[in-house]
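Have a look at the structure below, then the notes.
None of these values were measured; they are calculated from a predicted model. To find a chain, count down the sequence lines: A is the first, B the second, and so on, and within it residues start at 1.
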Number of protein chains: 2
Amino acid sequence: MLKRVTLKEVAARASVSYQTVSKVINHKSHVTGETEERIYAAIRELGYTPSYTARSLRSQRSNTIGYSWQPSPPDQANPILDEFLQSMFRTAETCGYYLLCFPYHGEVSRQLDTYRDLIDTGRVDGFVLSVVNYGDPCVNYLLKRKFPFVAFGHLDDLQTFPYIDVDGGLGLHMAVDHLLSLGHRKIAALAWPEDSRVGNNRMDGYFNAMHEAGIEVQPEWVQRGVGSYEVGFNSTLRLLAMPEKIRPTGIVAMNDLMAIGAMAAIRQLGLFPGKDIGVTGFDDAPTARYLNPPMTSLRQPVSSIGQNLMQRLITYLETGVYPEPVGELVAPQLVIRASTTGVETGELSN
Amino acid sequence: MLKRVTLKEVAARASVSYQTVSKVINHKSHVTGETEERIYAAIRELGYTPSYTARSLRSQRSNTIGYSWQPSPPDQANPILDEFLQSMFRTAETCGYYLLCFPYHGEVSRQLDTYRDLIDTGRVDGFVLSVVNYGDPCVNYLLKRKFPFVAFGHLDDLQTFPYIDVDGGLGLHMAVDHLLSLGHRKIAALAWPEDSRVGNNRMDGYFNAMHEAGIEVQPEWVQRGVGSYEVGFNSTLRLLAMPEKIRPTGIVAMNDLMAIGAMAAIRQLGLFPGKDIGVTGFDDAPTARYLNPPMTSLRQPVSSIGQNLMQRLITYLETGVYPEPVGELVAPQLVIRASTTGVETGELSN
DNA sequence: AACGTTCGCGCGAACGTTCGCCCAATCTTG
DNA sequence: CAAGATTGGGCGAACGTTCGCGCGAACGTT
């Protein structure tokens, strides 16, 4: 931590006023090519780097974006965190921004305290939110304070804010269509509780696809639970114990973990996933392809979402308007593997 | 972004000089209990929050810690990232620090540029490094600049810097001992290439444990590769094709993914992991318990490592000395499941 | 030749803190 | 009881930028 080189020293060396140096490096004023060169030379020779702190004190901007997320339970990895973060701060960096990560607090008040602190102390210029639940308190808070943010995920249409979301309904539609195309008619769903926003979005796709195929969904086909392995396992045992007439031959799960539980239950009954019962997951966790059998799942285009969100936010910060469209749904990709087709895809070069 | 409340306004309301207010909130000077109360009342009434930017401009400290990590390949989730990050910024927050995450660049020069920029612009006070490889360029750079950092992982003893590392050697020793106790004698290892620092640390434990048990390690037992599923799979096929005399009955892998590949290979030969061949992994990825069979693996105490690292770094920043010991090895935990014992542990409440 | 315009750059003034020094009043001490 | 020590608080000066304004010279236009 040696003494830092300042604007004034650069200016002295280039024989101009230090304010001129500032203007040059910010491209705020036209100067002669000759003086500009002199200034850049001085900068290079002295190894000058502008002080981020002084700069943001004066300009009232921190060039920092805040992001917080709900930690995963220990038995459930967050399959997209790494990719999402990397895509965000990679994009941010090219625009001169950095990403500040801060803790997620369970209690709403502490959660909001953290956001307030970051805003009031001037540490961040905007936030990226991962919106999962109905009536997210952070969304309301930021809307009320008119503080810039973009969200991964959206709510109902009552509150309008910039977001990108994966079209989970479309995803499940694709999964169901896939099973239908394989000849399945009795297709069950491993769903989240009814108060799950993401879950309901996805389930809509299930219901629509079944309806469009002219199949009446039996109420027993919809098994709800917290999204754990155990729920998937036990629900599947129940499904496969049903009378032949309504016993499902296909199962779509709202996440990978329930699908993994389902496959375990299927095997425990002496059946084989993909041969006897088709199973699909959601998220395409990295291990999905290494399961036995490899699992069909829906992959979210995480990198492009992160990049897109960050770009929108920065655009807003620098221009004052959000690029259209304010909200956007993107399609997931159905990655087909043996848990539905019964045949190895050759994706693994064994 | 309304006008912010400043020290001066608080001071005016409390009828003191604004510098006194500063001293009070920083506990730098003793004042009458009475004036102190007046000041705090004014702060509360006006809703004052100190400007982070102005504060750090003056005090030359950003109260921010930088962290960057190598992104995982898409087929390999980082099983500890979420927990590590959460533990770090949770600890940081209680001390008034935040965590700045920035991109990892493949090319060394760009990587160092990023570190330099963060230092020279004054954005961070210190770094947390994840040190994986021999001769990490960032370590050298930061040592040379005498810039504060702590590391998750360590190198040889030539360069000394504060670190915490999981004792991978001990971990593999435990894994081998576990297999020995189950009666295995011919134990193979799925290893990383020889230039892998982490890999060599772990392999030392394998060799030591075998040596202590009086078993001569056959050269063919050590199969090296990049740590992928495919490497685990193919290496295991080779191992199990060996003549009865040296054909291993136990396999320790340097990571979970190779162990998963090994289990797949075992099954493909009509054998069953845990019954016929014992398999252990490393990292205890969340999905390890949901595999068929559930996999024995070594778990790193990630949360306590993150917390500990952050505390050490902040202690150094505030006192100028690193707490002893400067380097510390912590033991991983062997999580025993059916891939070695052959019996379900009941960890899953099926 | 007189007159706007643009160009290139300088200058003073913030931005909101913390730091070091000073001073007056009170308290201790031999 | 004089002299030093302590306490409570004020004051000016940074910290390193960016912002807005202004001014002289060069330029092109009637």
Side-chain angles (χ1 to χ4, degrees), chain A residues 1-40 42-43 46-64 96 117 119-123 125 318, chain B residues 1-40 42-43 46-64 96 117 119-123 125 318:
Chain A
M1 265 307 210
L2 295 171
K3 204 183 160 308
R4 69 161 42 254
V5 180
T6 76
L7 270 187
K8 298 196 183 184
E9 306 176 39
V10 173
R13 186 173 188 108
S15 320
V16 289
S17 77
Y18 67 95
Q19 294 94 333
T20 302
V21 179
S22 166
K23 283 172 190 166
V24 166
I25 63 181
N26 290 312
H27 311 103
K28 290 272 178 154
S29 170
H30 297 278
V31 294
T32 325
E34 194 262 330
T35 45
E36 181 168 338
E37 255 179 48
R38 256 193 1 258
I39 290 176
Y40 277 121
I43 289 178
L46 267 48
Y48 167 76
T49 336
S51 154
Y52 153 75
T53 320
R55 173 171 280 185
S56 56
L57 172 62
R58 179 64 238 217
S59 62
Q60 307 286 50
R61 334 214 25 259
S62 64
N63 282 9
T64 307
D117 183 64
I119 297 174
D120 287 344
T121 58
R123 268 183 172 274
D125 294 336
E318 313 212 317
Chain B
M1 267 306 211
L2 294 170
K3 203 185 159 308
R4 66 160 47 251
V5 180
T6 76
L7 270 188
K8 300 197 182 181
E9 305 175 40
V10 173
R13 188 175 186 105
S15 319
V16 290
S17 77
Y18 67 95
Q19 294 95 333
T20 303
V21 179
S22 167
K23 284 173 188 166
V24 166
I25 62 180
N26 290 313
H27 311 104
K28 288 274 178 154
S29 169
H30 298 277
V31 294
T32 327
E34 193 261 330
T35 45
E36 181 169 339
E37 255 180 46
R38 255 192 4 257
I39 289 176
Y40 276 121
I43 289 179
L46 267 49
Y48 167 76
T49 336
S51 154
Y52 153 76
T53 319
R55 175 171 279 185
S56 55
L57 172 60
R58 179 64 237 214
S59 62
Q60 305 287 45
R61 332 212 28 258
S62 64
N63 283 7
T64 306
D117 183 63
I119 297 174
D120 287 343
T121 58
R123 269 185 172 272
D125 293 337
E318 312 210 319

Exercise for the section: Would you classify Thr35(A) as touching base, sugar-phosphate or nothing, given that sugar-phosphate means primed atoms plus P, OP1 and OP2, and contacts are heavy atoms under 4.0 Å? Expected result: sugar-phosphate

Problem - Of Asn26(A) and Thr32(B), the one whose closest DNA chain D nucleotide lies more 5' - result: Thr32(B)

Handout entry: Distance, rounded to the nearest Å, where Asn63(B) contributes CG and dT17(C) contributes P
Key = 15 Å

Completion exercise
Closest non-hydrogen contact found for His27(B) with Tyr40(B) is NE2-OH, 3.9 Å

Exercise for the section: Select one nucleotide: of dG12(D), dT17(D), dG10(C), the one nearest the side-chain heavy atoms of Gln19(B). Expected result: dG12(D)

Practice task
Starting at OG1 of Thr20(A), measure out to CG of Leu7(A) and round the result to the nearest 0.5 Å.
Solution key: 10.0 Å

Exercise for the section: Would you tell me if any nitrogen or oxygen in the side chain of Ser22(B) comes within less than 4.0 Å of OP1 or OP2 on dT18(C)? Expected result: yes

Exercise for the section: Take the protein atom CG of Leu57(A) and the nucleotide atom C1' of dC15(C), then report the distance between them rounded to whole Å. Expected result: 4 Å

Handout entry: Lys/Arg-Asp/Glu bridge criterion (N-O < 4.0 Å) met for Glu34(B), Arg38(B)
Key = yes

Problem - Given Val10(A), Thr35(A), Asn26(A), the one that forms side chain to side chain contact (heavy atoms under 4.5 Å, CB included) with Val21(A) - result: Val10(A)

Fill in the blank from the handout: Here the distance between atom C1' of dG8(C) and atom CD of Glu36(A), to the nearest Å, is 12 Å

Practice task
Using both distances under 3.5 Å as the test, list the Watson-Crick or G-U wobble partner of dA5(D), or none.
Solution key: dT26(C)

Problem - Length of the CD-P vector between Glu34(B) and dG8(D), whole Å - result: 12 Å

Practice task
Answer with base, sugar-phosphate or nothing: what part of the nucleic acid does Tyr52(B) contact at a heavy-atom distance below 4.0 Å?
Solution key: nothing

Exercise for the section: Can you check whether any acceptor in the base of dT17(C) is under 3.5 Å from a donor in the side chain of Arg55(B), or vice versa? Expected result: no

Exercise for the section: Answer yes or no: is there a side-chain heavy-atom contact under 4.5 Å between Ile39(B) and Lys23(B)? Expected result: no

Problem - OP1 or OP2 of dG10(D) under 4.0 Å from side-chain N/O of Ser17(B) - result: yes

Practice task
Using whole Å, report how far CG of Leu46(B) lies from C1' of dG16(C).
Solution key: 15 Å

Problem - Phosphate OP1/OP2 of dC19(C): any Lys28(B) side-chain N/O under 4.0 Å - result: yes

Problem - Rounded interatomic separation in angstrom, taking CD1 from Ile25(B) and P from dT17(C) - result: 7 Å

Practice task
Starting at atom NE2 of His27(B), determine the distance to atom P of dT7(D), rounded to an integer number of angstrom.
Solution key: 17 Å

Handout entry: Nearest-angstrom distance from the residue atom CZ of Arg58(A) to C1' of dA13(C)
Key = 8 Å

Problem - Pair partner, dC23(D) [Watson-Crick or wobble, under 3.5 Å] - result: dG8(C)

Practice task
Please confirm whether any donor atom in the side chain of Lys23(A) sits under 3.5 Å from an acceptor in the base of dG8(C), or the reverse.
Solution key: no

Fill in the blank from the handout: Quick note, Thr20(A) side chain, CB onward, closest among dG10(D), dT17(C), dC9(C) is dC9(C)

Problem - Nucleotide nearest Tyr18(A) when distance is taken to its side chain, options dC15(C), dA13(D), dA13(C) - result: dA13(C)

Problem - Residues, nucleotides or ligands: over 12 heavy atoms within 6.0 Å of Glu318(B) CD - result: yes

